[in-house]
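Take a look at the structure below.
Protein chains get the first letters and strands the later ones, always in sequence-line order, with residue 1 at the start of each. Predicted model only: the values in this text are computed from it and were never measured.
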Amino acid sequence: MSTTVDTTAATAAPKERTPLRPARVLLHVFLAGMALAWLGPLLWALYAAMRPYGETSEKGYVSWPDKLSFDNFTNAFTQSDMTHYFVNTLIVAVPAVLVTLFLSSMVAFYVSRFDFRVNIFLLLVFTAGNLLPQQVIITPLYRLYLLIDLPGITMSGKLYDSALGLVLIHVAFQSGFCAFVLSNYMRSLPHELTEAALVDGASVWRLYWQIVLPLCKPAMAALGTLLSIWIYNDFFWALVLISTGENMPITSALNNLSGQYFTDPNLVAAGALLTAIPTLVVYFALQRQFVSGLTLGANKG
Amino acid sequence: MTTTPTESPEAATPPPGSGPAAKTAKAAKVPRGHRRLLTRRDRLTLGLMAGLPTILHVALVWVTAFASIALAFTTWDGIGFDSIKWVGFDNFKELFTNNPQFWPAVEHNIIWFVALILIPTPLGLFLAVQLDKQIRFSRVYQTAFFLPVVMSLAVIGFVWQLIYNPDTGLINSLIGANEPGHYIDWIGDPDLNLWAILIAASWRHTGYMMILYLAGLKGVDPSLREASALDGANEWQTFKNVIFPTLRPTNTVVLVVTIIEALRAFDLVFVFNKGAEGTELLSILVTNNIIGESSRIGYGSAIAVVLLVISLVVIIPYLISTFRKERRA
């Protein structure tokens, strides 16, 4: 894929290391300073989270620590039953990511491998849909979710306040972006590839499932990483479409938790950092996929 | 209003789609697709493959967007369909003339965009140019700048509150403004809070812009740089006259992304102070009309329509230019 950013190339292969010039040193000092400043808010949160409330309320936040511990993290975790909210997130995010990839790859296959007259229009509909601000659609969506009865299928008996409702809107909304990116990717695959199979009598489903889809693995991996982080980080949909605090995914639950359970800022800091951990882990593990996913759609031609 | 995939093709294909499509079909001797090889069953499979996702997307995104437009001309308390009443432009009239929060919200959305385009965007570009110089530890620096982009805006809101809190926050503690009576209320003061939130938003946006520009810079032909150096251009001249002009596609994306981010802005503000005085945004006003006590659906939809119109002014030209390029390619 020509559009991926190869972040390793720059560091992995320093072919000719130029002798240290003053300008280079200056640049490193500048970048190191900036990087540290950029990490500052997170380091500050970590520092606050590692100090007991009693100590900070007595000595102030800007003070030398007597004691640093991870107590606030364990307290935040146990007091608020965070495991429960992490599970809520998993129940939404895993199906949402998989279904989004599946559905959008089918649309992409349709618009990129065949020259139907609808193609461009279809792709426009998907791409534009993903660019709309969520608030443009939320009012009718909220009403629609309240209207749809699903007795026995969801806990609430409706689409509203259910994991299924969140999955559906994530899939509908994100498939716009994925269909656009995947169709570009599929268009770059040679046409002879599927043409030959079709002449040999393969069905279109086989073309999709056994030829095109396996070739799209890199793009799918990149999009999957990106989607996981986006859906995990969702705050708005869950805030509006889930009413029971118990049913909320972790990111939006944090908002409730900070009011209900967390009485001191140090505990809030710990809770916030705990919430961020899964995305940071995914990012560090799949950095290349994430970054290439982000630029897949953005950088063409 | 609703366009299901099976019936939309002939009726609804817009000019930007059909024109170029017809042209390429004529120009190429062999049709690009495999249509002539398809059996009936294949056609059915294809219809389902494209149809099901489209129905879901159109039903939840586009039907609701159009429903917002329809509801904007009504009043409705949300209880029963009988209570929906057509009121024409009344909601808009009230919004434009009689809502103390509306114009501040529009202004704040604009400020949000201007701030993001003036500070984090050039900064992200600058960092990208520096990091593109094949320096050591590039990866480490990149990670530091990019980390905030990976995090949820809601979480970022909590992290920055630790800095802005009037009595326990970092800034007031450092400058000694944390005693009652001397507070600088970064979150509550309507003259300050928007800027405080914008700093947090910029913190995140810089990394995002940096990554987009890094990707753009990777695509710049190295021979351009060489030629420029041979001609004796210095670093700034090379950037200004050679590199920056080639970043035009990236700049377009950056502009669109930033406008959309400014229109979508919500999470940070909601976590900070729920859009109270000084931080009103269109997105917050819409949301307050749904999850607040007052259920003024028509009125909330009217605000959503304003948001929709502004978004489409950006989205449509962007899509037209993108898809035109695609057809040419």
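How far CD1 of B:Ile171 is from CH2 of A:Trp44: 10.5 Å, rounded to the nearest 0.5 Å. Note that OG1 of A:Thr251 is 10.0 Å distant from CZ of B:Phe158, once rounded to the nearest 0.5 Å. Between the CE atom of B:Met151 and the CG atom of A:Leu280 there is a distance of 6.0 Å, given to the nearest 0.5 Å. Interatomic distance, B:Thr54 OG1 to A:Tyr110 OH, rounded to the nearest 0.5 Å: 8.5 Å. For the atom pair CD1 of B:Ile297 and OG1 of A:Thr139, the computed distance is 7.5 Å after rounding to the nearest 0.5 Å. Residue A:Met106 holds its CE atom at 8.5 Å from CG of B:Leu48, rounded to the nearest 0.5 Å.
In terms of heavy-atom pairs under 4.5 angstrom with chain A, the leader among B:Leu127, B:Leu174, B:Thr206 is B:Thr206. Put simply, of A:Trp205, A:Trp230, A:Tyr145, the one with the most heavy-atom pairs under 4.5 Å next to chain B is A:Trp205. Top candidate by heavy-atom pairs under 4.5 Å with chain B, chosen from A:Leu168, A:Asp234, A:Ile138, A:Leu239, is A:Leu239. Among A:Ile137, A:Leu147, A:Val240, A:Val107, the residue with the largest count of heavy-atom pairs under 4.5 Å with chain B is A:Ile137. For chain A, the option among B:Ile163, B:Val256, B:Leu153, B:Val257 with the highest count of heavy-atom pairs below 4.5 Å is B:Ile163. The greatest number of non-hydrogen atom pairs below 4.5 Å with chain A, out of B:Gly169, B:Gly157, B:Ser173, is found for B:Ser173. Your options are A:Leu141, A:Val99, A:Ile229, and the one with the most heavy-atom pairs under 4.5 Å with chain B is A:Leu141. Annotation: maximal heavy-atom pairing with chain A below 4.5 Å, among B:Thr143, B:Ile310, B:Ile69, occurs at B:Thr143. Chain B forms more heavy-atom pairs under 4.5 Å with one residue of A:Pro133, A:Ala49, A:Ala269 than with any other, namely A:Pro133.
With contacts defined as side-chain heavy-atom distances shorter than 4.5 Å, the pair B:Phe137/A:Leu31 does not qualify. Between A:Pro41 and B:Trp160, the closest side-chain pair of non-hydrogen atoms falls below 4.5 Å. The closest side-chain heavy-atom distance from A:Asn233 to B:Asp267 is not below 4.5 Å. Between B:Leu170 and A:Tyr61, every side-chain heavy-atom pair lies at or beyond the 4.5 Å cut-off. At least one side-chain heavy atom of A:Pro140 sits under 4.5 Å from a side-chain heavy atom of B:Leu71.
B:His57 and A:Ala172 get closest at one heavy-atom pair: ND1-O, 2.6 Å. Across all non-hydrogen atoms, the minimal contact from B:Asp42 to A:Val204 is OD1-N, 3.1 Å. Nearest heavy-atom pair, B:Ser68 versus A:Val136, reported as atom, atom and distance to 0.1 Å: OG-O, 2.7 Å. Nearest heavy atoms, A:Leu132 versus B:Arg264: O-NH2, 3.0 Å. Heavy atoms only, all atoms of each residue included: A:Ala272 and B:Val155 are closest at O-CG1, 3.5 Å. Contact between B:Pro53 and A:Leu103 at its shortest, heavy atoms only, is CG-O, 3.6 Å.
Relative orientation of the B:Tyr141 and A:His28 rings is tilted, given thresholds of 30° and 60° on the angle between their planes. Using cut-offs of 30° and 60° for the angle between ring planes, the A:Phe236 and B:Phe266 rings count as perpendicular. A tilted orientation is assigned to the rings of A:Tyr283 and B:Phe146, their planes being inclined by 30° to 60°.
Both the backbone and the side chain of B:Trp203 come within contact range of chain A, judged by heavy atoms closer than 4.5 Å. In this structure, chain B has a heavy atom under 4.5 Å from the side chain of A:Ser175, while its backbone stays farther away. For B:Leu46, the parts lying under 4.5 angstrom from a heavy atom of chain A are both the backbone and the side chain. If you measure heavy-atom distances from B:Tyr213 to chain A, you find no contacts under 4.5 Å at all. Contacts between A:Ile169 and chain B at a heavy-atom distance below 4.5 Å involve backbone atoms as well as side-chain atoms. Proximity to chain B (any heavy atom under 4.5 Å) is shown, for A:Phe126, by both the backbone and the side chain. When heavy atoms are compared at a cutoff of 4.5 Å, A:Leu146 does not approach chain B at all. Contacts of B:Ser311 with chain A are made by side-chain atoms alone, with heavy-atom separations under 4.5 Å and no backbone atom involved. Residue B:Leu44 does not touch chain A at all, counting heavy-atom pairs closer than 4.5 Å. With a 4.5 Å cut-off on non-hydrogen atoms, A:Tyr142 touches chain B through its side chain but not through its backbone. Heavy atoms of B:Phe145 lying under 4.5 Å from chain A belong to its backbone as well as its side chain. Heavy-atom distances place both the backbone and the side chain of B:Leu308 under 4.5 Å from chain A. No part of B:Ile316 comes within reach of chain A, as not one of its non-hydrogen atoms sits under 4.5 angstrom from that chain. Contacts between B:Leu282 and chain A at a heavy-atom distance below 4.5 Å are absent for every atom of the residue. Within the 4.5 angstrom heavy-atom criterion, only side-chain atoms of A:Leu27, from C-beta onward, approach chain B. Neither the backbone nor the side chain of A:Ala179 comes within less than 4.5 Å of any heavy atom in chain B. Residue contact with chain B, scored on non-hydrogen atoms closer than 4.5 Å, is absent for A:Phe102.
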Notebook entry, point to check: So B:Leu147 and A:Phe284, side chain to side chain contact (heavy atoms under 4.5 Å, CB included) or not? Walk me through it.
Noted result: CA-CA 10 Å; B:Leu147 222 46; A:Phe284 280 113; 3.9 Å; yes

Next item on the list: Take B:Leu38 and A:Leu198 through the test side chain to side chain contact (heavy atoms under 4.5 Å, CB included) and record every step on the way to the result.
Entry: CA-CA 8 Å; B:Leu38 296 179; A:Leu198 210 56; 4.1 Å; yes

Checklist line | Candidate pair A:Leu144 and B:Leu60, rule side chain to side chain contact (heavy atoms under 4.5 Å, CB included), full reasoning | finding: CA-CA 9 Å; A:Leu144 186 71; B:Leu60 292 187; 4.0 Å; yes

Margin query: A:Thr56 vs B:Thr168, test: side chain to side chain contact (heavy atoms under 4.5 Å, CB included). Steps then yes/no.
Written below: CA-CA 9 Å; A:Thr56 46; B:Thr168 59; over 6 Å; no

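Side-chain N or O atoms of A:Asn255 include none that pairs as donor or acceptor with a backbone N or O of B:Val271 at under 3.5 Å.
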